[in-house]
Protein chains: 4
Amino acid sequence: MPKDTYFNLAEDKRKRVIDAAIEEFSTHSYHKARITAIAENAGIAKGSFYQYFKDKKDLFKHIIDLTVDKKLEYINQDMMKNIKNHGFFQLLQETYLSGVRFAKDNPRLLAIGVKLTNNKDLQREVWGDQQDKTLSFYKQLLEVGITKGELESDIDIELVSRLLSGLNYSLIDIVYKDGKIDLDGLVNEKGIVDKMISFIENGIKKNNNE
Amino acid sequence: MPKDTYFNLAEDKRKRVIDAAIEEFSTHSYHKARITAIAENAGIAKGSFYQYFKDKKDLFKHIIDLTVDKKLEYINQDMMKNIKNHGFFQLLQETYLSGVRFAKDNPRLLAIGVKLTNNKDLQREVWGDQQDKTLSFYKQLLEVGITKGELESDIDIELVSRLLSGLNYSLIDIVYKDGKIDLDGLVNEKGIVDKMISFIENGIKKNNNE
Amino acid sequence: MPKDTYFNLAEDKRKRVIDAAIEEFSTHSYHKARITAIAENAGIAKGSFYQYFKDKKDLFKHIIDLTVDKKLEYINQDMMKNIKNHGFFQLLQETYLSGVRFAKDNPRLLAIGVKLTNNKDLQREVWGDQQDKTLSFYKQLLEVGITKGELESDIDIELVSRLLSGLNYSLIDIVYKDGKIDLDGLVNEKGIVDKMISFIENGIKKNNNE
Amino acid sequence: MPKDTYFNLAEDKRKRVIDAAIEEFSTHSYHKARITAIAENAGIAKGSFYQYFKDKKDLFKHIIDLTVDKKLEYINQDMMKNIKNHGFFQLLQETYLSGVRFAKDNPRLLAIGVKLTNNKDLQREVWGDQQDKTLSFYKQLLEVGITKGELESDIDIELVSRLLSGLNYSLIDIVYKDGKIDLDGLVNEKGIVDKMISFIENGIKKNNNE
DNA sequence: CATGAATGAGCCTTCATTCAT
DNA sequence: CATGAATGAAGGCTCATTCAT
């Protein structure tokens, strides 16, 4: 949690600090990221940095918080608040699409998130149980889907929720590479998402009855 | 490539070095891994380390090579050499199962591999184009499956190959956490793999015809 | 080029750093010179050193720059700017004398300069083409001398310029040894320089016409 | 002084060691020269090196001894043994020419000698009073020359002997650069030496009586 | 005598953090 | 609240020399 001095800062300066931090953390691992560089790029004194944040981790956590906030903005809140009024695959599609939109608009935040994924220790310190929340969300979706008769009733919710979460990662990975759009041979994001949904709906086995 | 001195080393000492290295690299990122710690844990002088390896990267590459060799031992070579004689889902199941077995037996090597995934620069230096090879493998599997009429002919091979690769990662991630078995609520590996194969075959949508 | 922090340093501290550096570089080759020793003798932390200079070479270049500046102070600028108004041997004498005065006042800088002479690679990095400038200076002097009829017109300018430059080194070498005055059996600098000039003017062959 | 084991070595192996040492010392400063490299290039074990020589310095001194021996081979012994039967300038020319011939035939030994010149501490340890011997030689030459009436009787022998020695260095420096012949614009060695002798005989002042 | 593995002191450099002004 | 100089722990790496076989 940043210090009070940070929140009392002029909007402009606070933005410069955040911008510099995002730039540094998105291009370097947590440990290789240098607060010296951040201070320089933000145009503040190195000492000032420690007036705003307790230490490097304090800043990083703050950046992650901002990232989570930003991510939430991309989720269709109306839809999510009324899960029961929508079909399972519609909700899943919207979930995936919101992730793609976020990634497209915030490539640097995406890069930071991906890096965090690869550092379990840090993730535990910073995220706590965020991952569990994500899984819970998918589980909830699945349960409703089953209840409404949209999904096979004998699926393993624990497993499938993890697969859906994993597929979301894959999707992001496919659509964006190193912060750059990468749609070689893939029509467009919407098309990809649709195909993924279809994959999840029906699998890939040839249905001989057709 | 380690120096000759390394290969001339007594079996016992070489093992200690490798063990210490695997321990260090599996618990620290490449950059945070300390050769000082490796030397200490292996019971050799720091200077000796540099008689065996050119530098830190030389050792790391060697560990990766060992990992790749180990991984190959888990793949059913007979089956893979006669792809056309087996069904697509059978091959996929075997592929996934071999990964699970490797992970179960070599949790530390798995951890190193996962870390490498998160460091694209290092990966490029060490792996070259191994990732592409993996994708090519899945593509080949898919093509044969379509030809043989096992799979829907209109699937997007490029996309699905990436999904299958991603699901493999998810699988490993589900079964093992931080090098520790994690089968809470999940019957067993075989069961999980079977369920995943089923997921990929048929999807999760309720088939009302049944 | 030292960093800004260096130039912002208190006069006193900057002097201590430079003094320690000159002491170290004048008594050790560039590669044997230890920045650890310099930091210790300057009474600063090793880390502080790197706040002032990028690296060892940065410091060394700075010392060389200071040496060049100091050397220039000893040259009679009025005389050199009006080469044509003075006799060749008068100019040569002044050139040699300025070198002697510099060496006498700055024996440690002299030692550094001599060491640099022996490390061609370093010299190239630090000096660029300074050596050529020195030769050009002597050549210019010789050409003017010939034009004015003071010198034999058939001398090999290329060769003689190198000899004059070499004699200058010899002179410095004679007058100062390891930073200590060494006038054993030699009256005084002025006397030596006069004798050298005479040597260059007339040679040492007995003139039987006299 | 090398150990007895060294002198008992097979001619061939001893030669390989010396060759490797000369190669290393001629291309690196004494401190940067690596005995590891010497052992490798000589095709001997590093441990063997220490069976032949006490340490690095022991080897270096030996190389210098060999260099001095080699240098002596180039001096016209007959002429030097009968100094009194030859003219001063004839002897000086021969002295200089022998130096040029040595340099031409042994560029690597020359390089080692030049490096040694730049390391006074090492020079003292290795050469002891060799430099004094050189100066004594020139002094003797000068004294005989004066006695025989060839030279001006009022020259400062101490000074001139050093100048003649210095000019010899200049000559070598002019003729050979970095172990490579460098006669740009200079007719040939003999021509240069003749011009230098002329320079020493008559100086460069225009003689108006001519 | 040959061998080559083992050693460890020591070097340069980096960087998060502190602290006096 | 701003500043930026000061700090020092720590890391990777080099190499002459020793020593057991």
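In what follows, chains carry the letters A, B, and so on, assigned in the order in which the sequence lines appear, proteins first and then strands, with residues in each chain numbered from 1.
Separating the OH atom of Tyr52(C) from the P atom of dT13(E) is a distance of 17 Å, rounded to the nearest angstrom. Atom-to-atom, CD1 of Ile44(A) to C1' of dA16(E) comes out at 14 Å; the value is rounded to the nearest Å. Protein atom NZ of Lys3(D) is 13 Å distant from nucleotide atom C1' of dA2(E), rounded to whole Å. Atom NZ in Lys54(D) sits roughly 10 Å away from atom C1' in dT17(F) (whole-Å rounding).
Considering CG of Asp121(B) and OG of Ser29(A), their distance stands at 10.5 Å, rounded to 0.5 Å. Taken from OG1 in Thr67(B) to CG in Leu116(B), the straight-line distance is 9.0 Å, to the nearest 0.5 Å.
For the pair Ile18(C)/His62(C), a side-chain contact is recorded, criterion being any heavy-atom separation below 4.5 Å from C-beta on. Using a 4.5 Å cut-off on side-chain heavy atoms (C-beta onward), Arg34(C) and Glu24(C) make contact. No side-chain heavy atom of Phe53(D) sits less than 4.5 Å from a side-chain heavy atom of Lys3(D). Ile38(A) has its side chain within reach of Leu59(A): a pair of non-hydrogen atoms, C-beta onward, lies under 4.5 Å apart. Taking the side chain as every heavy atom from C-beta outward, Lys115(A) and Leu122(A) never approach each other to under 4.5 Å. Counting heavy atoms from C-beta on, the side chains of Arg108(D) and Ile63(D) never come closer than 4.5 Å.
For Thr27(A) (side chain) and Glu23(A) (main-chain N/O), a donor-acceptor pair under 3.5 Å exists by modelled atom type. Between the side chain of Ser48(C) and the backbone N or O of Ile44(C), no donor-acceptor pair lies under 3.5 Å.
Close to dA2(F), at under 4.0 Å from its OP1 or OP2, lies a side-chain N or O of Lys13(A). For Asn8(B) and dG4(E), the shortest distance from a side-chain N or O to OP1 or OP2 is not below 4.0 Å.
Heavy-atom distances under 4.0 Å link DNA chain E to no residue of residues 24-43 of chain B. DNA chain E is contacted by no residue of residues 55-67 of chain B, taking any non-hydrogen atom closer than 4.0 Å.
Surrounding CG of Asp4(C) are at most 12 heavy atoms belonging to other residues, nucleotides or ligands under 6.0 Å away.
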Q) Which dot-bracket string fits DNA chain E when only Watson-Crick or G-U wobble pairs with both atom distances under 3.5 Å count, crossing pairs get [ ], and | stands for a partner on a different strand? A) .||||||||||||||||||||
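Remark: Phe25(A) pairs with Phe60(A) by the ring pair (Phe, Tyr, Trp, His ring centres under 6.0 Å) rule, at least two apart or across chains.
Nearest to the side chain of Lys46(A), among dG10(E), dT17(E), dT3(F), sits dT17(E).
Contacts of Phe49(D) with the nucleic acid, taken as non-hydrogen atoms under 4.0 Å apart, are absent. As judged by a 4.0 angstrom heavy-atom cut-off over every strand, Phe53(A) is placed among residues making no nucleic acid contact. Heavy atoms of Ser48(D) sit under 4.0 angstrom from at least one base atom.
Listed by first and then second residue, the side chain to side chain donor-acceptor pair (under 3.5 Å) pairs that reach into residues 49-59 of chain B are Lys57(B)-Glu125(B), sequence neighbours excluded.
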Would you list the protein and nucleotides 19-21 of chain E atom pairs, both N or O, that sit under 3.5 Å from each other?
none

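Each of Arg16(C), Arg14(C), Lys15(C) was evaluated against Asp12(C); a single residue qualifies, Arg16(C), per the salt bridge (charged side-chain N to carboxylate O under 4.0 Å, His left out) test.
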